[in-house]
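For reference, the structure is listed below as structure tokens.
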2 protein chains.
Amino acid sequence: MTARAKSAKKAAPDLCTEHHAPASHPAAKIPPLSLVESQRMGEFFAVLADPTRLRLVSLLAADEFCVCDLASSLSMTESAISHQLRALRAARLVSYRKEGRQVFYRLHDHHVLELYQTVREHLEE
Amino acid sequence: MTARAKSAKKAAPDLCTEHHAPASHPAAKIPPLSLVESQRMGEFFAVLADPTRLRLVSLLAADEFCVCDLASSLSMTESAISHQLRALRAARLVSYRKEGRQVFYRLHDHHVLELYQTVREHLEE
DNA sequence: CCAACATCTGAACATACGCTCATGTATTGG
DNA sequence: CCAATACATGAGCGTATGTTCAGATGTTGG
């Protein structure tokens, strides 16, 4: 299973023993992600891995909106939208501003807008 | 529930009727994502929303590796790694090259490397 | 205060996802 | 040919996730 142990007694020597091919060709030598780093990064991408949340981001990329209008724009319940905005808030992708009964949401900063636009263009092929 | 219908007969007029606040302040007017567009974009982010796949990308960001070495580097079974490489392949995030019994994987293009590095730096705060 | 509104929250259910396990295919050396 | 190696694949299981539903909190106008 592991294919890590050295060959038994005959046939097919273990040629896969950490000797990768050309040895070096890419950019700088960046250390691989640790387990916790990969988990943090995974959680970040996971927030953007949902159609509803992405549509919310796409709306907020144009202007600021209250929960009610966001729900209406996507033809979804305000409860569902509120749940998703909570996730976007926890990931610091959006900020909000209370005004009376309403809560207006907007993208947290320009990094979010840029990431969204970059990936959108990347998929427009 | 929908809060879309006009007020009944008295009290609390429907102030949330698509009149968002300042009206305009951000960048250009980009149309919101359609349902299918958001699904495609969501699937793309979903591939990057897993710790194992991110660690694979982080390894392939430095060099090209065969499945066996990738599994060994992450202390996981070759089966698990093969399953994840399949997902990365389907998303066109990695390419591969067969050499005898081994299959060497690498990042598909520089866009992948740039996206990975950008987000990594963004989380290093 | 009270009713309507705007939003938030917790529980529950259906679905999606990642790993393990067993098996299948392909390549190599003897 | 045959066995070991390298990788791929399908089924199955436990867990995570998004939505609905019911209800709670907070705000406003009469």
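Letters A, B, ... are given to chains in the order of the sequence lines, protein chains preceding strands, and every chain is numbered from 1.
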Point-to-point distance, once rounded to the nearest 0.5 Å, from CG of Leu35(B) to CZ of Arg55(A):
4.0 Å
Between Tyr105(B) and Arg89(B): side-chain donor-acceptor atoms closer than 3.5 Å:
yes
Over all heavy atoms of both residues, which pair between Gln102(B) and Cys66(B) is shortest? Give the atoms and the distance, please.
OE1-SG, 3.3 Å
Thinking salt bridges, do Arg97(A) and Glu64(A) make one under a 4.0 Å N-O criterion?
yes
Listed in order of residue number, which residues of residues 44-53 of chain A have a non-hydrogen atom at under 4.0 Å from DNA chain D?
Asp50(A), Thr52(A), Arg53(A)
Could you tell me the separation between the CZ atom of Arg101(A) and the C1' atom of dG29(D), rounded to a whole number of Å?
8 Å
Quick check: closest heavy atoms across Asp50(A) and Gln84(A), and the distance to 0.1 Å?
OD2-NE2, 3.5 Å
Any idea which of dA6(C), dC8(C), dA22(C) is nearest the Tyr105(A) side chain?
dC8(C)
Is any side-chain heavy atom of His108(B) closer than 4.5 Å to one of Val94(B)?
no
Separation of dC17(C) atom C1' from Glu43(B) atom CD, nearest Å, is 13 Å
The correct set of residues in residues 82-95 of chain B placing a heavy atom under 4.0 Å from DNA chain D is Ser82(B), His83(B), Arg86(B), Arg89(B)
To the nearest Å, give me how far apart CG (Asp69(B)) and C1' (dT5(D)) are.
13 Å
Of all the nucleotides listed (dG26(D), dC21(D), dC7(D)), which has the minimum atom distance to the side chain of Ser79(A)?
dC21(D)
Rounded to the nearest 0.5 Å, what's the gap from CG on Leu74(B) to CD1 on Ile81(B)? Could you check?
5.0 Å
Please report, rounded to the nearest Å, how far the P atom of dA8(D) is from the CD atom of Glu78(B).
10 Å
Which of dT7(C), dT20(C), dA8(D) is nearest the side chain of Val103(B)? It is dA8(D)
Within the side chain of Glu114(B), is there an N or O that forms a donor-acceptor pair under 3.5 Å with the backbone of His111(B)?
no
Gln39(A) CD - dG18(C) P separation (whole Å):
14 Å
Nearest-Å distance, OH (Tyr96(B)) to P (dA26(C))?
14 Å
Separation of Phe104(A) atom CZ from dA6(C) atom C1', in whole Å?
11 Å
Could you give the CD-to-C1' distance, from Gln102(B) to dT5(D), as a whole number of Å?
10 Å
Determine whether a donor-acceptor pair (N or O, by modelled atom type, separation under 3.5 Å) exists between the side chain of Ser82(A) and the backbone of Glu78(A).
no
